[in-house]
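What follows is a single structure, written as structure tokens, with notes after it.
Each chain gets a letter, A, B and so on, in the order the sequences are listed, and its residues count up from 1.
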Protein chains: 2
Amino acid sequence: MAKPPAPPPGPATVRTISRLAGVAASTVSRALKQDPRVAPETRRRIAELALQAGYTPNAFARTLSGGRSGLVGLIVGPLQNPFYAELLAEAVAQAAALDLRLLLVHAGAGPIEDRTSQALLQYQVDGCLIASAELSSRAAAVCAARGVPIVMVNRVARLHASAVACDNLGGGADLAAFLLAGRHKRFGLVLGTQGTSTSDDRERGFITALAGAGMQPVFSTAGNSTYEGGHAAAGRIAAMSRARRPDAVFAINDIMAMGLLDGLREAGLQVPQDISVVGFDDIPAAARACYGLTTVAQPMTMMLQRGLSLLTGRIASGNLPDETVILRGQLVVRGSARRPP
Amino acid sequence: MAKPPAPPPGPATVRTISRLAGVAASTVSRALKQDPRVAPETRRRIAELALQAGYTPNAFARTLSGGRSGLVGLIVGPLQNPFYAELLAEAVAQAAALDLRLLLVHAGAGPIEDRTSQALLQYQVDGCLIASAELSSRAAAVCAARGVPIVMVNRVARLHASAVACDNLGGGADLAAFLLAGRHKRFGLVLGTQGTSTSDDRERGFITALAGAGMQPVFSTAGNSTYEGGHAAAGRIAAMSRARRPDAVFAINDIMAMGLLDGLREAGLQVPQDISVVGFDDIPAAARACYGLTTVAQPMTMMLQRGLSLLTGRIASGNLPDETVILRGQLVVRGSARRPP
DNA sequence: GAAGAAATTGCACACGGTAGCATTATCCCA
DNA sequence: TGGGATAATGCTACCGTGTGCAATTTCTTC
């Protein structure tokens, strides 16, 4: 017998297949990539053998040789906020459809450890998706230094990076306009994480629109971007005398608005009869009957679609200029704020 | 001049450093790994040059050579359920501390596409963490075929795999005992995803404990493991005549219990005066004043700690026997169920 | 001072896949 | 039937790191 094609142990590689088929390894590689230079019959035979042997290409070897890993680094904010949970779920679904793998590098409010951002480089991510209100500057700097494209989602870019965000200014203004139309007179704010573009823009849009009507907020307090923060803010608001108390409060995001709403009710105030509450994000819980939050819906699907497309574009051709995409959110009117007459 | 150490373009590699230091690449490799066979002085010099050149080891090359990727595949259930969001956040934190990277392969209730499970092999994950009530059998089979260790979290193993789970039987029994002590007479159940060990065990533990007191549930309905499912179940329960209606309902998980509770209140029932509600998981929202859910807390931190340790153990030595760890949950008494007198 | 031991370091190859170039087989047409 | 074009495939080197073994240097010790 000439060559008993003894299949070596371990998972099948191109070499395994090449021995089985009696061809060179490079032919196998080409055949599996539908290279037209390989004869159709050979291609077919190799495809069959590969299937039969349970061949799976080794992404590591391919990356080493080809330079592209197919990996995208992902950094998200605290998953306790359903907004981020939803964003993450959407990112996973869309990335899979694009045949990109997600390396989940960081999730949470805390700062990113150096060791963590190192991982982005060690694993040769092709790009990085940052969806966290916080700056993550360490990771961003690391990527920028290596020319790894970055796309921020839900934040505008402060540094060398592209970004997709909701029109936070416009959304804040829409909410202000809605409350003004509802004849509210005294406006309060529950702020999120100070210094983030998302939080600041919503606040600014809101205040600017109020100013357009000759008004300004009478009260402003920190909410820490958490349910608990919103709940605590409710305590402070409920403690105010009726005369000083705002009659409408804009919580910079829905999770705080939920805490705020629950807190106000616990303190005996009726929403929206005694006080109106509006939020921002339109997380699923905002639609629940017990909240019925008037808010601004972020176009989540579209945001990630555009975000990933910006990213893949920059991965494909390294020298595209930075780009920022602003998508308009949509005002969703529910029962948590008094409506215009 | 002898050798102008011209640093080649692109990121620094061991070869870059080796040229700068005038040693062989293998020496650099060893020096950076603190191999005692390299002279201390040489080691120090190389470390300095590496730092200065911004050297980062290439995980892909290292994997190709060494066989271990440092990657763990992660599959989680639907992140709309805060339990999974919390679990994911904990997994990210703990994995980072263990210097493992997470390849987020799938998140959600849907089935896992073939292409997705292929990714587990292509990227040579060292192990796989499956935290989803659903079976994910495709991914599990793929891993098993390649000898990739699997650890299930929040599920007991139906197939070749290790597992860490809460004592769902015991937890269900604890809740039954608590309700019995509260002199409840008519018990209802809102079920989760049928056929999952998590859901089935909780139900079974509950029913068995009731049987021990000579009782049995009078009502049982599907809740689909979602808030909406629990909410819909509330509608069905509220529609029952007072005589037929259960006076205590166990929702298999907290997210359903929340929907149930809101739905019952909307229908005008008072909790716990008219009807008691208990859940399972102790997600953060269960502690909120507006819910105050009596539930069983899963030892999340410990579950992941043990889960990852099972996984790293099996990665380190391939032939450890499968192991299942059951951790006791803790009954958390709040206001959503009438207390024992 | 030389033999042997110990400490350092270099060489070569392997990991799995890809791509450039060389080589061989095949075909067309004069 | 021969020459050239074209199709099909093989050979080889490389990506960056890790490791076994050989080679070199240095140190011991009689």
If you look at every strand shown and take non-hydrogen atoms under 4.0 Å, does B/V38 touch a base, only sugar-phosphate, or nothing?
sugar-phosphate

Within the 4.0 Å heavy-atom criterion, would you say A/R62 contacts the bases, only the backbone, or no part of the nucleic acid?
sugar-phosphate

C/dT9 OP1/OP2 closer than 4.0 Å to side-chain N/O of B/T27:
no

Nearest of D/dC21, C/dG17, D/dT17 to any side-chain atom of A/S65?
C/dG17

Under 3.5 Å, is there a donor on one side chain and an acceptor on the other for B/Q52 and B/E48?
no

Side-chain N,O (A/K33) to OP1/OP2 (C/dA19) below 4.0 Å
yes

With heavy atoms under 4.0 Å as the rule, sort B/V28 into base, sugar-phosphate or nothing.
nothing

A/S26 near the nucleic acid: base, sugar-phosphate alone, or nothing, with a heavy-atom cut-off under 4.0 Å?
base

Within the pair A/Y123 and D/dG16, is there a side-chain N or O less than 4.0 Å away from OP1 or OP2?
no

So how far is it from A/Y84 OH to A/S132 OG, rounded to the nearest 0.5 Å?
5.0 Å

Under 4.0 Å from OP1 or OP2 of C/dG16: is there any side-chain N or O of A/R15 that close?
no

Quantified as the angle between the terminal helix axes (five pairs each), what is the overall bend of the helix from C/dG1-D/dC30 to C/dA30-D/dT1 to 10 degrees?
50°

Within the 4.0 Å heavy-atom criterion, would you say A/T63 contacts the bases, only the backbone, or no part of the nucleic acid?
nothing

Closest to the side chain of B/S29, out of D/dT17, C/dG17, C/dT9, is D/dT17

Nucleotide nearest B/N58 when distance is taken to its side chain, options C/dT8, C/dG16, D/dG16:
D/dG16

May I ask you to evaluate whether A/T42 reaches the phosphate of D/dT9, defined as a side-chain N or O under 4.0 Å from OP1 or OP2?
yes

